Structures are given as C-alpha cells and as structure tokens.
Amino acid sequence: MENKFHFFDQVYQVVKLIPEGKVTSYGAIAKFLGASKSSRMVGYAMNGSHTLNETIPAHRVVNRNGLLTGKMHFSSPVTMQEMLENEGVVIKDDQVQSFPDHFWDPSENLL
DNA sequence: GCGTTGACGAGGA
DNA sequence: GTCCTCGCCAACG
C-alpha cells in the first residue's frame, strides 16, 4: 500500500539528495531502488524532471562511464558541464575526471 | 492499440 | 580492452 511510490518520484528524491561536488550514475540509483535493470527509466525520469516545479540537480547524474550523456537536454549543451565545474567537479571532454573520487553512492549514504 | 525510441547497464564473444 | 545483444518500461507518433 505504501509502496505506491512511483519509480520516477523515487528517482527525483534520490537525485535531490546528491551533495554538491558529487555525482552518481543512473544505474546506481536504479539499483538502490531495486530496479538495476531499469536504469533506462532513471534517465527517462530525468527527462521529465524539468517539467516539475522542483529543481532536480540532474547535472549530478551521469552514466556509468562518468560521461555527461544528458548535457544536451539542458538549456545549453555546456550548462551541465559548467554547473559541475562550479561545484568542484573537473570535466574533460564531456567526461568526469576522477570519477570514482566524485562518485556518490546512495546505497552507502542513504542506507 | 501498436511500434519505435531512449539522460543505461550488464553480459557474452 | 572493444563491439554487439538483450532487458527494462514509460512516453510519443
């Protein structure tokens, strides 16, 4: 009954909890929600995040390679990179440098 | 109502 | 290490 929390909503909640200067992957969020096979849905949820009244720091979510795959969905293709760099994350060639060092695993912080 | 697409990831060759 | 295939399920045309 209480499990009626939609998968998308869960994704939004986790993403909003990502601290500044940290990034995570779609798969990590999906796995944390118990749907590791539905990692695509995490990305898809981000696609609709901008339609929400709430601000979703989707720029802190990258794929497992640390690549800014969703940068093109922002106001400008460089918005995502600049926002991350502004938080102390180094981006090189649309890829997060020292990705494991900036990686934020929800299963180790929210659990 | 049906087929295609997609901000992904894991596994196999 | 790379390249290909499958799964997953909501949204769009």
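Sequence lines set the chain letters: A, B, ... in the order given, protein chains first and strands last, and positions in each chain run from 1. Treat the numbers as computed from the prediction; the structure is a model and nothing was measured.
- Across A/Val23, A/Ile18, A/Val61, a single residue satisfies side chain to side chain contact (heavy atoms under 4.5 Å, CB included) together with A/Trp104, and that is A/Ile18.
- Shown are A/Ile91, A/Val78, A/Asn63; of these, the side chain to side chain contact (heavy atoms under 4.5 Å, CB included) with A/Leu68 is made only by A/Ile91.
- Taking OG1 of A/Thr69 as the start and OH of A/Tyr26 as the end, the distance is 4.0 Å to the nearest 0.5 Å.
- Taking a heavy-atom distance under 4.0 Å as the criterion, the stretch of DNA chain B touched by chain A extends 5' to 3' from B/dG6 to B/dA10.
- From A/Ser25, atom OG reaches atom CZ of A/Arg60 across 15.5 Å, with rounding to the nearest 0.5 Å.
- Between A/Val15 and A/Ile29 there is a side-chain heavy-atom pair separated by less than 4.5 Å.
- Judged as a salt bridge (charged side-chain N to carboxylate O under 4.0 Å, His left out), and not counting sequence neighbours, the contacts of A/Lys16 are A/Glu54.
- C/dC3 and B/dA7 are spaced 22 Å apart, taking the C1' atom of each and rounding to whole Å.
- Listed by residue number, there are no residues of residues 55-74 of chain A with a heavy-atom contact under 4.0 Å to DNA chain C.
- Counting heavy-atom neighbours within 6.0 Å of A/Lys37 NZ, excluding the residue itself, gives a total of 12 or less.
- Residue A/Ser25 is in sugar-phosphate contact alone, with no base atom involved, counting any heavy-atom pair closer than 4.0 Å across all strands shown.
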Just the table, please: protein N/O against nucleotides 6-8 of chain C N/O, every pair under 3.5 Å.
from: C/dG7; atom 1: O6; to: A/Arg40; atom 2: NH1; distance (Å): 3.2
from: C/dC8; atom 1: O4'; to: A/Lys37; atom 2: O; distance (Å): 3.4
from: C/dC8; atom 1: N3; to: A/Arg40; atom 2: NH1; distance (Å): 3.1
from: C/dC8; atom 1: N4; to: A/Arg40; atom 2: NH1; distance (Å): 3.4

Polar pairs (N or O, both sides) under 3.5 Å between protein and nucleotides 11-13 of chain C?
from: C/dA11; atom 1: O4'; to: A/Tyr44; atom 2: OH; distance (Å): 2.9

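- The existence of a salt bridge linking A/Lys22 and A/Glu87 is excluded, since no basic side-chain nitrogen approaches an acidic carboxylate oxygen closer than 4.0 Å.
- Considering only heavy atoms from C-beta on, A/Phe99 comes within 4.5 Å of A/Val62 through its side chain.
- Summarising the geometry, atom OG belonging to A/Ser75 is positioned 12.5 Å from atom CE belonging to A/Met80; distances are rounded to the nearest 0.5 Å.
- In summary, the side chains of A/Glu82 and A/His59 do not present any donor paired with an acceptor at a separation below 3.5 Å, with no hydrogens or angles considered.
- Not counting sequence neighbours, the partners of A/Val90 by the side-chain contact (heavy atoms from CB on, under 4.5 Å) test are A/Gln97.
- Distance CG/A/Leu17 to OH/A/Tyr12: 15.0 Å, rounded to 0.5 Å.
- Whole-Å rounding puts the A/Asp9 CG to C/dA10 P distance at 13 Å.
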